[in-house]
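Here's the structure we're looking at; comments come further down.
Worth knowing before you read on, the calculation uses all heavy atoms, side chains too, and leaves out hydrogens, waters and symmetry mates. Per chain, numbering begins at 1; letters A, B, ... match sequence-line order.
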2 protein chains.
Amino acid sequence: MSKKEQIIKESIQLFSDYGYEATSMTKIAEQVDIKKPSLYAHFKNKDAIFYSAVKQVTGEYVDFVLTTIDQTKGQTSKDTLYNVLHHAYTNEYQTEFLGEFFYRFVLFTPNEVEAQIKPLIKRSEEKLESALIKIVEEGQANREIDATLSSRIVLRNYLFIFNNLDVDVRYYSLRGSELEQYLNDIWSVFWRGVKN
Amino acid sequence: MSKKEQIIKESIQLFSDYGYEATSMTKIAEQVDIKKPSLYAHFKNKDAIFYSAVKQVTGEYVDFVLTTIDQTKGQTSKDTLYNVLHHAYTNEYQTEFLGEFFYRFVLFTPNEVEAQIKPLIKRSEEKLESALIKIVEEGQANREIDATLSSRIVLRNYLFIFNNLDVDVRYYSLRGSELEQYLNDIWSVFWRGVKN
DNA sequence: GTCTATAGAAAGATAGAC
DNA sequence: GTCTATCTTTCTATAGAC
């Protein structure tokens, strides 16, 4: 791994744990085991490091979810939707590393860099939504999902769970069987609400 | 309003807008129209201001929701649950002022003050949950809500919406008829999922 | 690319006069 | 209670040697 890649990797962890302002250039340099001024040989300033971190996390996040969708396809829409949700929330890498960072800065972007990173986040959302709406519409064509509900409403409810379950997982520190229980409680009511 | 109350009021706004670290004592002093050192005549340090701000917001938030529950009682459980949700999200004061602050620091508490403020938040949650579980159980006794679902699952799903709708409202900047539409889309699937 | 040294600004907090 | 002046620390960032 190049020094530049190391800097991005360690800064993602620090930004996740402490937030934007409370992560100093000194701390990042310590984690990478170089001195602070050396960072400026790789990045113009702190904002540039943050931008690269966001870019990497949003990219990996989208890749992770799209890959999951691909791998669970070919089942019923119900199974696909459930498995995508389940896999996303039982994968260590996603929940521990990507999720923490992603949600921290999706919800509360530092004002200095908001204009730069909003488009990155927006684009990643659009990619996921267009993949998921297809599955919903297939489910309606199959008569698994109630076709009197618009696909937009079903998708909105699914995304509401997909995005916000993360908030609860973090807040209640849900893991293992507790997480499994929580996920099933939310999923079961959602499915009763949309099934045919 | 005393100077102390003014300081708390203005600091809530600043912490909401900029976060904990990016809100400086100088900025707070400017908003209150005094000089920075004068703040220390009212509060020991910055953490103490933040603690008072959290205490006030959590208190007002709980009062707001409990009052809303009281005012909408005496209807069917369905109407009460819907109206509490609706009222909470169409009230300017709640969404613009309390909500922004509350969720910012519920989700991402500054590490310096985490130990102090977690109990405040925990207590406010418990109060709301114990008021809402009663309404769910009444609804099951009335046969409005499916009694084969445990009241815990129904409450969990309701709170999932109640707490996390705020995240989406802020993220998508939902207002007016858009907010109304969003709320109804989420509510309608929830209610289909729990009704008898 | 990495370092030492340092500039320059801003942060939280205190001393002490009024 | 409020102020001016100041301390101390820490921050981002740069200059310039190697």
Side-chain angles (χ1 to χ4, degrees), chain A residues 1-57 101 104-105 108-117, chain B residues 1-57 101 104-105 108-117:
Chain A
M1 202 178 343
S2 73
K3 266 277 129 78
K4 190 162 185 169
E5 288 168 325
Q6 277 180 56
I7 293 167
I8 294 171
K9 186 188 166 211
E10 298 298 335
S11 73
I12 291 171
Q13 190 67 57
L14 290 167
F15 285 132
S16 275
D17 292 344
Y18 302 108
Y20 178 78
E21 286 86 0
T23 297
S24 67
M25 297 296 270
T26 302
K27 271 189 200 158
I28 297 172
E30 276 170 9
Q31 286 294 316
V32 183
D33 206 31
I34 56 176
K35 300 295 177 187
K36 182 170 55 164
S38 306
L39 292 173
Y40 291 87
H42 301 281
F43 293 93
K44 195 192 159 219
N45 54 27
K46 185 180 172 180
D47 287 1
I49 296 179
F50 186 72
Y51 179 83
S52 294
V54 172
K55 193 160 190 177
Q56 175 155 324
V57 171
F101 184 95
R104 177 160 211 152
F105 297 112
F108 299 104
T109 310
N111 295 351
E112 300 98 306
V113 294
E114 189 166 0
Q116 287 173 34
I117 77 162
Chain B
M1 204 181 336
S2 74
K3 266 278 129 75
K4 190 161 184 169
E5 287 168 326
Q6 276 180 58
I7 293 167
I8 294 171
K9 185 186 167 213
E10 298 299 334
S11 72
I12 290 171
Q13 189 67 57
L14 290 167
F15 286 132
S16 275
D17 292 344
Y18 303 108
Y20 178 79
E21 287 86 1
T23 296
S24 66
M25 297 296 271
T26 303
K27 271 190 201 156
I28 296 172
E30 277 171 7
Q31 286 295 316
V32 183
D33 206 33
I34 55 175
K35 300 295 177 187
K36 181 170 59 164
S38 305
L39 293 173
Y40 292 87
H42 302 280
F43 294 93
K44 196 190 160 217
N45 54 27
K46 186 179 173 181
D47 288 1
I49 296 178
F50 186 73
Y51 179 84
S52 294
V54 172
K55 192 159 188 178
Q56 175 155 325
V57 171
F101 184 95
R104 177 160 211 150
F105 297 111
F108 300 105
T109 309
N111 295 351
E112 298 99 306
V113 293
E114 190 165 0
Q116 287 172 33
I117 78 162

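- Between D:dC11, C:dA11, D:dC3, one nucleotide has an atom nearer to the side chain of B:Ile34 than all others, and that is D:dC3.
- Atom NZ of B:Lys44 is separated from atom C1' of C:dG12 by 13 Å (rounded to the nearest Å).
- In this structure, the ring of B:Tyr20 has its center no less than 6.0 angstrom from the ring center of B:Phe105.
- Summarising the geometry, the separation between CG on A:Asp33 and C1' on C:dT2 is reported as 12 Å, rounded to the nearest angstrom.
- What you find for B:Phe101 and B:Val57 is that their closest heavy atoms are CD2-CG2, 3.5 Å.
- If you take OH of B:Tyr40 and C1' of C:dA11, they are 9 Å apart, rounded to a whole angstrom.
- Nearest nucleotide to the B:Ala41 side chain, out of D:dG1, D:dT14, C:dA11: D:dG1.
- Close to D:dT2, at under 4.0 Å from its OP1 or OP2, lies no side-chain N or O of B:Lys35.
- Counting to the nearest Å, the P atom of D:dT12 and the CD atom of A:Glu30 are 12 Å from each other.
- If you take NZ of B:Lys46 and C1' of C:dA13, they are 12 Å apart, rounded to a whole angstrom.
- To the nearest angstrom, P of C:dG12 lies 8 Å from OH of B:Tyr20.
- A:Lys4 places its NZ atom 9 Å from the P atom of C:dG1, with the value rounded to the nearest Å.
- Rounded to an integer number of Å, the gap from NE2 of A:His42 to C1' of D:dA13 is 16 Å.
- Remark: B:Ser38 is in phosphate contact with D:dC3, judged by side-chain N or O atoms under 4.0 Å from OP1 or OP2.
- No hydrogens or angles were tested; on distance alone, a donor-acceptor pair under 3.5 Å links the side chain of B:Lys36 to the base of C:dG12.
- Atom NZ of B:Lys3 is separated from atom CD of B:Gln6 by 5.0 Å, given to the nearest 0.5 angstrom.
- At a threshold of 4.5 Å between non-hydrogen side-chain atoms, the residues A:Ile34 and A:Leu39 count as touching.
- Judged by distance alone, the side chain of A:Glu5 and the main-chain N or O of A:Ser2 form a donor-acceptor pair under 3.5 Å.
- Across all strands shown, B:Thr23 has heavy atoms under 4.0 Å from sugar-phosphate atoms exclusively, and none from any base.
- Here D:dC11 is the nucleotide among D:dC11, D:dT14, C:dT14 with the atom lying nearest to any side-chain atom of A:Thr26.
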